[in-house]
Amino acid sequence: MSPKERRALALLLGFAAVGHVVRTVGAAPSSAPPAAVLLDPARDGDPEAHRDSIKRLAAPLGADERIDADLASAEELARVPGIGPATARRIVADREKHGAFGGLAGLDRVPGVGPAALAKWAPRLMFTGSRADTPLSNEAGQIDLNGATVDELDGLPGIGVNRARAIIAFRDSVGPFRDVAALAKVPGISRALVDRLAAHLLVR
């Protein structure tokens, strides 16, 4: 065999050896299926509890099940029919900024939430926050619109701190309110909101 033929044979044997190695490595079983999601117990806690939590958050509400809007996470609130993830995040963000809602009417201060939504969610929500639906200033549970502080107005259902400040700014610039209906002149206060607040307010 000539030197040229020996070099060609050595080259062919080298290619064959490389091909065998590639096939062997490619056929080696993987340590985990490609689609497997591995839970790190140190990071994620008990994997079984983690699975149960995911199942619960994905499941629709039971017939008598209600969600506490003053404590629930955005994921839990999103289980309420009609709320959805985006609205749930807005509700939680508002609660973290302004405090507990204290009642269904308190949700009205959340952007994008209106009477139709509140009526739909009512059977599915509960409230355990410390804020009362009716701030007390007299025996009838009403506050004086011309003497109320930001904190007192903030406690009214559907007002919140920004509207409370707007009411006081309006009162300081224009003068005392002549009646409760005049509250609708404040920017950001609708006639419908004034109607809902009428039982909580008086003008002295």
Side-chain angles (χ1 to χ4, degrees), residues 35-135 141 143 150-168 183-184 186-201:
V37 177
L38 302 179
L39 296 177
D40 179 2
R43 185 190 66 191
D44 298 318
D46 182 2
E48 187 173 339
H50 182 70
R51 284 193 298 271
D52 291 344
S53 175
I54 291 174
K55 280 173 152 183
R56 182 177 60 79
L57 292 175
L61 291 181
D64 298 322
E65 189 177 359
R66 294 195 297 166
I67 298 295
D68 187 345
D70 283 334
L71 297 174
S73 66
E75 291 79 10
E76 290 171 319
L77 285 166
R79 296 177 64 210
V80 175
I83 287 187
T87 302
R89 287 192 293 270
R90 286 199 301 274
I91 290 172
V92 171
D94 183 279
R95 187 182 70 208
E96 289 175 350
K97 185 175 182 180
H98 301 300
F101 301 106
L104 188 68
L107 281 177
D108 183 63
R109 72 181 192 228
V110 178
V113 174
L118 293 174
K120 182 177 182 181
W121 303 340
R124 296 301 199 165
L125 295 176
M126 60 183 288
F127 301 85
T128 60
S130 59
R131 172 176 293 171
D133 278 349
T134 306
I143 67 170
V150 169
D151 287 341
E152 288 174 317
L153 291 168
D154 181 25
L156 289 166
I159 290 294
V161 69
N162 290 332
R163 285 175 175 162
R165 287 173 179 159
I167 290 170
I168 290 180
L183 185 60
V186 178
I189 306 291
S190 67
R191 176 67 63 183
L193 178 55
V194 173
D195 290 342
R196 291 199 295 274
L197 292 172
H200 303 302
L201 296 170

S.K.: Show the nearest heavy-atom pair for residues Ile83 and Ala88, with the distance to one decimal.
M.R.: CG2-N, 3.7 Å
S.K.: Any donor and acceptor pair, going by atom type alone, linking the side chain of Arg109 with main-chain N or O of Pro157 inside 3.5 Å?
M.R.: no
S.K.: Could you check Trp121 against Thr87 for side-chain contact (heavy atoms from CB on, under 4.5 Å), going step by step and ending with a plain yes or no?
M.R.: CA-CA 12 Å; Trp121 303 340; Thr87 302; 3.8 Å; yes
S.K.: Side-chain donor-acceptor contacts of residues 113-120 below 3.5 Å, not counting sequence neighbours, with atom names and distances?
M.R.:
none

S.K.: Can you list the steps and then say if Arg66 with Leu125 is a side-chain contact (heavy atoms from CB on, under 4.5 Å)?
M.R.: CA-CA 5 Å; Arg66 294 195 297 166; Leu125 295 176; over 6 Å; no
S.K.: Starting at CG of Leu107, measure out to CG of Leu77 and round the result to the nearest 0.5 Å.
M.R.: 8.5 Å
S.K.: Looking at Ser73, is its backbone amide N or carbonyl O close enough to the side chain of Glu76 to form a donor-acceptor pair, meaning the two atoms are under 3.5 Å apart?
M.R.: yes
S.K.: Calculate, to the nearest 0.5 Å, the distance between atoms CD1 and CG belonging to Ile143 and Leu153 respectively.
M.R.: 4.5 Å
S.K.: Would you give the length of the straight line joining atom CG of Leu183 to atom OG of Ser190, rounded to the nearest 0.5 angstrom?
M.R.: 9.5 Å
S.K.: Would Asp70 and Arg95 satisfy salt bridge (charged side-chain N to carboxylate O under 4.0 Å, His left out), going step by step from the backbone distance to the final call?
M.R.: CA-CA 7 Å; Asp70 283 334; Arg95 187 182 70 208; over 6 Å; no
S.K.: Say you draw a straight line from CD of Glu152 to CG of Leu201; how long is it, rounded to the nearest 0.5 Å?
M.R.: 11.0 Å
S.K.: Testing Ile167, Val161, Asn162, Ile159 one by one against Val150 for a side-chain contact (heavy atoms from CB on, under 4.5 Å), which residue passes?
M.R.: Val161
S.K.: Measuring from atom NE2 of His98 to atom CG of Asp154, what distance do you get when rounded to the nearest 0.5 angstrom?
M.R.: 7.5 Å
S.K.: How close do Ala166 and Pro187 get, counting heavy atoms only, and between which atoms?
M.R.: CB-O, 4.3 Å
S.K.: So, taking the atom named CG in Leu193 and the one named CZ in Arg163, what distance separates them when rounded to the nearest 0.5 Å?
M.R.: 5.5 Å
S.K.: To check you understand the geometry: which heavy-atom pair defines the closest contact between Arg196 and His200, and what is its length?
M.R.: O-CD2, 3.9 Å
S.K.: Take Glu65 and Arg124, measure what salt bridge (charged side-chain N to carboxylate O under 4.0 Å, His left out) needs, and give me the verdict at the end.
M.R.: CA-CA 7 Å; Glu65 189 177 359; Arg124 296 301 199 165; over 6 Å; no
